[in-house]
Q: 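Below you will find the structure I want to go over with you.
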Amino acid sequence: MCGIVGYLGNGNVYDILIKGLHRLEYRGYDSAGIALVNPQGALGIYKTKGKVDNLEAYCVGKDLTAGVGIAHTRWATHGEPSDTNAHPHYSEDGEIAVVHNGTIENYKVLKDALVKHGCKFHSETDTEVLVQLIEYIRLNTGCDLVTAVRKAMKKIVGAYAIAVVRKGDPDTLIAARQSSPLVIGIGDGETFLASDATPFVEYTKEAVYLKDGEVAVIRRGEPLKITNLDNKTAEVDVHTLEMSISELEKGGYPHFILKEIFQQPGTLRDCIRGRVINNGDTIAVSGIIDNKEKFLKARRIVIVACGTSWHAGLIGKYLIQDMCHIPVDVEYASEFRYSNPVLTSDDVVIAISQSGETADTLAAVKIARDMGAFVFGISNAVGSSIPRETDAGCYIHVGPEIGVASTKAFTGQVMVLTLVAMAIAQLRHTLTQEQLSNLGHAILQIPDAVEKVLKLAPMLERLSLTFTYAHNFLYLGRGYSYPVALEGALKLKEISYIHAEGYPAAEMKHGPIALIDQEMPSVIVAPKDHLYEKIVSNVQQVKARGGRILAIVTKGDKTIRNLADHVVEVPPMPECLSPIITSIPLQLLSYYIAVNKGKDVDMPRNLAKSVTVE
Ligand code: G6P
């Protein structure tokens, strides 16, 4: 949700910033812009509506020499996507430029006050209020720019990660954060900053994650200095990045999402590695083992998440209730935070977030901790906010996910939730050793099973042609397959813009069945499990109304094959492991339908991968 990049050094500032923006484009692509301070001190600002490619075209022929620069790719919140609302924003006197990720909640009050003092505004953004405020403070108190930034931050309510440059000073870059992510890369005589480490991973592996309320001052030839808003020096805590550049490239695939779908055998192996040990007889999840008393006494587990991660959370509920007999509630983080949640120190909250930065999930984590619950995070992005704000947790280790619609992160989350449930069951003895070992052995087979499912890609590509021009889809499933149906429908909506509803198959009778006709296909997730006979009746009910059916079934299924128009067979799996297998054909189906429709599958309209605003 907006990406920011900054660079100070002797490299080609423009090239580094543009490449960085491309890496951060998954965060938003409504507009892009850049501010450069050249060695003579002139400040040039270039910005335009649309993607980073548009910005590059716009910059042709401009003076792009610079000693320092900042850049931004936007997901519009305050003000429509337009050239004027694009970042960087600048003070009325043209002295300073700012890029910002986040939202300033009290911007209206601040804007009214600044207008009263004679400030004129050009854009509809909250960010312009911020830059004018900084400059107003600087001019009216006579302080330096860093002090003005600190003072302005104290007046702001909301979330921000900002980078600031000033005309006449090609040697200074200032950054600050509150609730929105910001990481600084320390190179040899050069310093980078960005919303995540992807823009600078090829230049340096040394990264400093700025904390809430910190201000960083980057000056040419000087070590990085970090202070809090009261100007007290803070520790510069350097981490080593483990990311590699090849993880950020398409690697021969036409789209990131297709690469990520096909990476799943490998990402699931990485996810399992070291956690399913003794040939499958033992589950080792360190975050559970190290906090075993919390899980032994847990009376209730509350899962909080958004989007695809919430769907993984729903599967987590089935897994934990089945294996551990602990009641589980699954909440949208955005609803949880405003629902007057009731939590005690006997509750465990599990927060799931691929990015580790989703604003609502992060807020839910903070609320849960304030209420005394033990909070366990499941994230992908190493060093992101949620892993740092939780009591313990577990990474899914699937590598950077660039496609805006989540695929490999979903299966990684479901896998980790399976391991978490098994680890708790191991502690609480709610599964026998035989049951645990059987599941452990089956988990070790999952990457190979996923490889088999991926071989169905050509078949799904052919099938997608049959369905590309449908305007509505129904996705149905029961038990473990119900969240899979929700996730399948979400994937289709996200990347092909076709309306799709995910529904518990039996609930279909209470409304959606009225929609069924030849024009609306039903995708039914129906592996052989304890609800199989029930879903066969639901398939018959759709068939009886003349609906077209595509069913995901277990290999060898004859009953549904005779009822459905098309079947996709997946390898047999224990019921609780089936979602990882059945979700993959649905990812492929959505992908091929979206490609057939000519959609931008990696960057679907209006979406952003990391939602750092409410
Ligand atoms: C956005 C993304 C989704 C993601 C959701 C939650 O909407 O486009 O793919 O599931 O945010 O993100 P998180 O990073 O918290 O899993």
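Since we're looking at a predicted model, the values are computed, not measured. Start at 1 and go down the list; that is how both ligands and their atoms are numbered.
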Q: Among all protein heavy atoms, pick the one closest to atom 6 (C) of ligand 1 and tell me residue, atom and distance.
A: C306 O, 3.4 Å
Q: Looking at atom 16 (O) of ligand 1, what's its closest protein heavy atom, distance included?
A: S309 OG, 2.5 Å
Q: Verify whether one side chain among T308 and E487 offers a donor that lies under 3.5 Å from an acceptor in the other.
A: yes
Q: When you measure from atom 4 (C) of ligand 1 to every protein heavy atom, which one gives the shortest distance, and what is it?
A: T308 N, 4.2 Å
Q: Hey, are the side chains of H87 and S31 touching, using non-hydrogen atoms and a 4.5 Å cut-off?
A: no
Q: Counting from 1, what ligand 1 atoms have a heavy atom of S406 closer than 4.0 Å?
A: 9 (O)
Q: Identify, by atom number and element, the atoms of ligand 1 in contact range of V611, meaning under 4.0 Å from any of its heavy atoms.
A: 1 (C), 7 (O), 11 (O)
Q: Spell out, as yes or no, whether a donor-acceptor pair under 3.5 Å connects the side chain of D602 to the backbone of F256.
A: yes
Q: Which residue holds the protein heavy atom closest to atom 12 (O) of ligand 1, what is that atom called, and what is the gap in Å?
A: T358 OG1, 3.3 Å
Q: Applying the side chain to side chain contact (heavy atoms under 4.5 Å, CB included) criterion to I396, which one of N380, I352, T411 satisfies it?
A: N380
Q: Ring of Y26, cation from K609 - is the NZ or CZ under 6.0 Å from the centre and inside 45° of the axis?
A: no
Q: List every atom of ligand 1 that sits less than 4.0 Å from any heavy atom of V404, numbering the atoms from 1 in the order shown and giving each element.
A: 8 (O), 9 (O)
Q: Against the six-membered ring of Y497, is R605 placed for a cation-pi contact (under 6.0 Å from the centre, within 45° of the normal)?
A: yes
Q: Aromatic contact between F192 and Y203, with the criterion being ring centroids under 6.0 Å apart: yes or no?
A: yes
Q: Identify, for atom 8 (O) of ligand 1, the protein heavy atom at the shortest distance, and state residue, atom and that distance.
A: A608 O, 3.1 Å
Q: Checking the N or O distance criterion of under 3.5 Å, is ligand 1 in contact with Q413?
A: no
Q: Classify the ring geometry between F295 and F374 as parallel (under 30°), tilted (30 to 60°) or perpendicular (over 60°).
A: perpendicular
Q: Show which atoms of ligand 1 fall inside a sub-4.0 Å distance from at least one heavy-atom site of K609.
A: 1 (C), 2 (C), 8 (O), 11 (O)
Q: Does an N or O from Q354, backbone or side chain, lie closer than 3.5 Å to an N or O of ligand 1?
A: yes
